[in-house]
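Take a look at the structure below.
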Amino acid sequence: MRPTYPIPVPEPRTEPLTPVPADPAERERESGLARLFELHYTPMLRLAMLLGADDPENVVAEAYYEIYRKWRKLRDARAAEAYLRSTVCNLTRMRIRHLQVARKHVEQPPEETVVSAENAALLRDDQRVLIDALRQLPARQREALVLRHWLGLKESEIAAAMGISGGSVKTHTARGLAALTQVMEARR
């Protein structure tokens with residue numbers, strides 16, 4: 001028979017796993033970003049998806065990283081949501097442009113786009129039809145429609161998010177609605 005030895009039990013850790021920042025500004029940034037993430041992660045994920053991002057999770061993660069880097073430059077913490085939304089729009093637009101250029105140089109374009117399980121879970125059947133129709137629109141028209149009708153933003157907020165004038169917002173929205181109506185009626 002083997003002799004039994006007592007198994008040493010490690011003492012519980014008293015320090016937190018993540019260090020608490022000593023700087024009050026750093027604590028404010030951490031708590032502000034945590035609140036922003038808690039309140040707006042899912043809507044930003046849906047926004048990126050509706051705008052046509054092939055990898056909405058990465059777009060939103062990069063947007064949060066950008067706001068983390070530039071948090072101290074924000075004049076007002078309440079402007080963080082608008083900045084985040086604008087960043088998601090810009091990053092999505094950049095990725096779509098990059099994919100368009102990359103696809104021009106590929107001999108055979110991919111046959112079918114595979115939707116991630118997370119994206120599929122977010123959509124119901126009736127929404128899939130609308131999203132397919134939205135994907136057929138030009139990027140600017142799609143952005144204007146999603147920001148206006150899905151997020152319910154005002155014209156000035158859409159203009160700021162897209163980096164265009166208010167008149168251009170009206171033009172993109174009107175043309176997008178007309179094209180979307182045409183596509184949806186053709187599906188009947």
Side-chain angles (χ1 to χ4, degrees), residues 36 39-67 70 79-106 108-188:
L36 192 67
L39 294 173
H40 300 291
Y41 176 77
T42 302
M44 292 302 146
L45 184 64
R46 287 186 184 135
L47 174 63
M49 186 191 61
L50 287 170
L51 292 178
D54 63 330
D55 57 347
E57 296 88 358
N58 289 337
V59 169
V60 174
E62 191 172 335
Y64 274 100
Y65 172 71
E66 287 298 320
I67 201 166
K70 298 179 180 177
E81 179 188 356
Y83 179 79
L84 183 64
R85 185 174 38 247
S86 176
T87 304
V88 168
C89 289
N90 289 335
L91 289 171
T92 301
R93 194 177 314 123
M94 287 178 359
R95 288 187 186 226
I96 289 171
R97 266 192 233 126
H98 173 74
L99 285 175
Q100 288 171 344
V101 170
R103 287 180 181 144
K104 285 181 183 178
H105 299 292
V106 173
Q108 292 180 334
E111 302 241 346
E112 186 179 319
T113 304
V114 178
V115 178
S116 71
E118 293 85 10
N119 288 346
L122 291 173
L123 300 176
R124 292 181 290 170
D125 289 334
D126 56 339
Q127 292 173 326
R128 285 188 184 98
V129 173
L130 179 61
I131 288 177
D132 288 341
L134 274 172
R135 286 187 177 140
Q136 294 178 21
L137 297 178
R140 290 294 194 163
Q141 290 176 10
R142 182 175 53 243
E143 279 183 48
L145 288 176
V146 168
L147 292 172
R148 174 69 183 110
H149 296 285
W150 183 70
L151 286 181
L153 297 182
K154 298 175 188 168
E155 181 183 307
S156 59
E157 294 172 321
I158 297 169
M162 293 178 66
I164 58 176
S165 70
S168 294
V169 169
K170 289 178 185 177
T171 301
H172 289 306
T173 304
R175 289 181 182 167
L177 276 176
L180 188 62
T181 302
Q182 203 172 31
V183 169
M184 295 296 285
E185 285 177 355
R187 288 180 175 251
R188 287 185 185 177

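One is the number of the first residue; the rest follow in order along the sequence.
You'll find the side chain of Gln141 stays beyond 4.5 Å of the side chain of Leu180, heavy atoms only.
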Legend entry - Residues Leu147, Thr173; criterion side chain to side chain contact (heavy atoms under 4.5 Å, CB included); working and verdict: CA-CA 10 Å; Leu147 292 172; Thr173 304; over 6 Å; no

Inset, instruction - With side chain to side chain contact (heavy atoms under 4.5 Å, CB included) as the test, would you mind laying out the steps for Leu137 and Leu134 before giving the verdict? - result: CA-CA 5 Å; Leu137 297 178; Leu134 274 172; 3.9 Å; yes

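Between the CZ atom of Arg135 and the CG atom of Leu50 there is a distance of 8.5 Å, given to the nearest 0.5 Å. The distance from the CZ atom of Arg140 to the CG atom of Leu51 is 11.0 Å, given to the nearest 0.5 Å. In this structure, Arg46 CZ and Tyr41 OH are separated by 11.5 Å, a value rounded to the nearest 0.5 Å. If you take CZ on Arg148 and NE2 on His172, they are separated by 16.0 Å, rounding to the nearest 0.5 Å. Note that the CD1 atom of Ile67 and the CZ atom of Arg85 stand 11.0 Å from one another [nearest 0.5 Å].
Heavy atoms from other residues, nucleotides or ligands lying under 6.0 Å from CZ of Arg175 number 12 at most.
For Glu157, the side-chain hydrogen bond (donor to acceptor under 3.5 Å, both in side chains) criterion is met by no residue, not counting sequence neighbours. In this structure, the ring-ring contact (aromatic ring centres under 6.0 Å, His included) partners of Tyr64, at least two apart in sequence or on a different chain, are Phe37. Ser165 is linked by a side-chain hydrogen bond (donor to acceptor under 3.5 Å, both in side chains) to Ser168, counting only residues two or more places apart in sequence or in another chain. When the side-chain hydrogen bond (donor to acceptor under 3.5 Å, both in side chains) test is applied to Thr171, no partner is found at least two apart in sequence or on another chain.
The list of ring pair (Phe, Tyr, Trp, His ring centres under 6.0 Å) pairs with a residue in residues 138-162, not counting sequence neighbours, is empty.
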Under 3.5 Å, sequence neighbours excluded: what are the donor-acceptor pairs made by side chains of residues 87-96?
| unit_1 | atom_1 | unit_2 | atom_2 | d |
| --- | --- | --- | --- | --- |
| Thr87 | OG1 | Tyr83 | O | 2.7 |
| Asn90 | OD1 | Arg93 | NH1 | 2.9 |
| Asn90 | ND2 | Ser86 | O | 3.3 |
| Thr92 | OG1 | Val88 | O | 2.8 |
| Arg93 | NE | Glu143 | OE2 | 2.8 |
| Arg93 | NH2 | Glu143 | OE1 | 2.7 |
| Arg95 | NH1 | Asp55 | OD1 | 3.4 |
| Arg95 | NH1 | Asp55 | OD2 | 2.5 |
| Arg95 | NH2 | Glu62 | OE1 | 2.4 |

